[in-house]
Number of protein chains: 2
Amino acid sequence: MELESICFSSDCRSRGLFDQIADKWSAMVLAILSARPHRFNVIRRRLEGVSQKALTQCLRRLERNGLVNRRVISLSPVAVEYEITPLGRSLQKPLGALHQWTLDNLAEVDAARETFDDRQSDDAFGGVQVGNRTD
Amino acid sequence: MELESICFSSDCRSRGLFDQIADKWSAMVLAILSARPHRFNVIRRRLEGVSQKALTQCLRRLERNGLVNRRVISLSPVAVEYEITPLGRSLQKPLGALHQWTLDNLAEVDAARETFDDRQSDDAFGGVQVGNRTD
DNA sequence: CGGCATCCACAAAGATACTG
DNA sequence: CAGTATCTTTGTGGATGCCG
């Protein structure tokens, strides 16, 4: 299994990169941009729940890592467009596969969580309810 | 492109799940466990740089989401073994693909970062050095 | 419009110490 | 051995205000 080839040493630089690219906002932004370039506030609106700060940081990171390009279209009023790069497109597939996995296995994960949480409650006080997690 | 099927609404539950499963420690733990079950400190040692707290939390999360099983082998001295579940194995493939991507594209990302960082410095003070990022 | 700067609250990460 | 508890430090998210 190719997974065994993962490098575990603490100075393996792919660790840091993994952290930078594997987040849900990045995955969603790349998905949105895969169709065509978009402007900041359009992305912001489509990504219900993202703060402007979080989106700015996400786009900066994507830009710095070469996954999107930022283009100023016009000044006054300022218009900025973000477009996906070929490198960004290449990342889309694995990121999409991961997202697909969450979709396919949501139910099974939920079931596992219930089992786990029930077991925790029982362990804590033989049957006494302590309030269930809802996250 | 299947990526377009990503759900962007803020109540889409797959968002939260994405955040829970897409982290480097989880990917590495699953990779380690794919060969055979391992005990806590063995995993800890192979994952150079992970804190005991981070690993505990990671394993708890993996367990709660049904990706690994925790088995107490013996009491005094306490021995615990973690084994990957079928669900965990199914997650390994997409996670591994993501890791493979970081390996394949580290150089290209590095180049992009240099370009980006240089441009930032120039923008700030036409040529005056302000200290380069090293992260 | 597309940001950045600031402040605040809270969550997460680390280090250390202790336990069955 | 495999954690838990605690404390401290760092980071992140939200709200707000300002700018070109």
Side-chain angles (χ1 to χ4, degrees), chain A residues 10 15-16 18-26 28-29 32-33 37-64 68-83 116 119-120 123-125 130 133-135, chain B residues 10 15-16 18-26 28-29 32-33 37-64 68-83 116 119-121 123-125 130 133 135:
Chain A
S10 56
R15 282 191 185 187
F18 194 105
D19 279 344
Q20 290 230 343
I21 62 167
D23 76 293
K24 68 169 180 301
W25 296 132
S26 295
M28 290 173 133
V29 167
I32 289 176
L33 297 185
H38 282 81
R39 295 175 51 175
F40 186 88
N41 279 322
V42 176
I43 302 172
R44 186 169 173 11
R45 274 188 293 274
R46 289 195 57 183
L47 250 47
E48 292 175 39
V50 72
S51 71
Q52 151 266 36
K53 187 180 181 180
L55 183 56
T56 299
Q57 289 172 339
C58 178
L59 286 168
R60 281 288 165 285
R61 196 171 49 240
L62 288 170
E63 189 194 359
R64 185 166 114 93
V68 307
N69 283 325
R70 176 180 183 275
R71 283 176 22 216
V72 177
I73 302 176
S74 82
L75 306 143
S76 99
V78 178
V80 178
E81 214 172 58
Y82 292 92
E83 70 179 347
F116 181 88
R119 190 148 25 90
Q120 297 308 300
D123 289 358
F125 322 73
V130 71
R133 306 297 187 69
T134 51
D135 62 308
Chain B
S10 56
R15 283 191 184 188
F18 194 104
D19 279 343
Q20 290 231 344
I21 61 166
D23 76 293
K24 68 170 180 302
W25 297 133
S26 294
M28 291 173 131
V29 167
I32 289 177
L33 297 186
H38 282 80
R39 292 173 54 172
F40 186 88
N41 280 322
V42 176
I43 301 171
R44 186 169 172 12
R45 273 188 294 273
R46 291 196 56 182
L47 251 48
E48 292 175 39
V50 72
S51 71
Q52 138 270 47
K53 184 180 180 179
L55 183 55
T56 299
Q57 289 172 338
C58 178
L59 286 169
R60 281 287 167 285
R61 196 171 49 241
L62 288 170
E63 189 194 358
R64 187 167 112 94
V68 307
N69 283 326
R70 177 180 182 275
R71 283 178 18 219
V72 178
I73 302 176
S74 82
L75 306 142
S76 108
V78 177
V80 178
E81 215 173 56
Y82 291 90
E83 69 178 347
F116 180 90
R119 191 148 25 88
Q120 297 307 299
S121 310
D123 289 357
F125 320 74
V130 71
R133 306 295 189 73
D135 63 307

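Letters A, B, ... mirror the listed sequences (proteins, then strands); counts begin at 1. All values reported here derive from a predicted model rather than from experimental measurement.
Here the closest heavy-atom approach between residue A/Arg39 and residue A/Val78 is recorded as NH2-O, 4.1 Å. Between A/Ser26 and A/Ile21, the shortest heavy-atom contact is CB-O, 3.9 Å. Here the closest non-hydrogen pair linking A/Gly49 and A/Trp25 is C-CH2, 4.2 Å. Nearest heavy atoms, A/Val68 versus A/Leu33: CG1-CD1, 3.8 Å.
Across the protein-nucleic acid pair, A/Arg45 atom CZ and C/dG3 atom P stand 13 Å apart, rounded to whole Å. Note: CZ (A/Arg44) to P (C/dC4) measures 13 Å, nearest angstrom. Atoms CG (B/Leu75) and C1' (C/dT19) sit 15 Å apart, rounded to a whole Å. Going from atom CH2 of A/Trp25 over to atom C1' of D/dT12 covers 13 Å, rounded to whole Å. In this entry the distance linking CG of A/Leu62 with P of C/dG3 reads 13 Å, nearest Å. When the P atom of C/dC4 is taken as reference, atom CG of A/Asn41 falls 13 Å away, rounded to whole Å. Note: CD (A/Glu81) to P (C/dC1) measures 15 Å, nearest angstrom. Taking atom CD on B/Gln20 and atom P on C/dA11, their separation rounds to 15 Å, with Å as the unit.
Qualifying side-chain hydrogen bond (donor to acceptor under 3.5 Å, both in side chains) partners for B/Asp19, counting only residues two or more places apart in sequence or in other chains: A/Lys24. Residues passing the salt bridge (charged side-chain N to carboxylate O under 4.0 Å, His left out) test with B/Arg61 are B/Asp23, sequence neighbours excluded.
For residues 52-61 of chain B, proximity to DNA chain C is found at B/Gln52, B/Lys53, B/Gln57, defined as any non-hydrogen atom under 4.0 angstrom from a strand atom.
Closest to the side chain of A/Ser51, from the set C/dG3, D/dG14, D/dA2, is D/dG14.
Phosphate proximity of C/dC1 to A/Tyr82: absent, as no side-chain N or O sits under 4.0 Å from OP1 or OP2.
Residue A/Arg39 is classed as a sugar-phosphate contact, given heavy-atom separations below 4.0 Å to backbone atoms only. B/Val80 comes within 4.0 angstrom of sugar-phosphate atoms only, judged by non-hydrogen atoms across all strands, and of no base.
The closest donor-acceptor contact from the side chain of B/Ser74 to the backbone of B/Pro77 lies under 3.5 Å.
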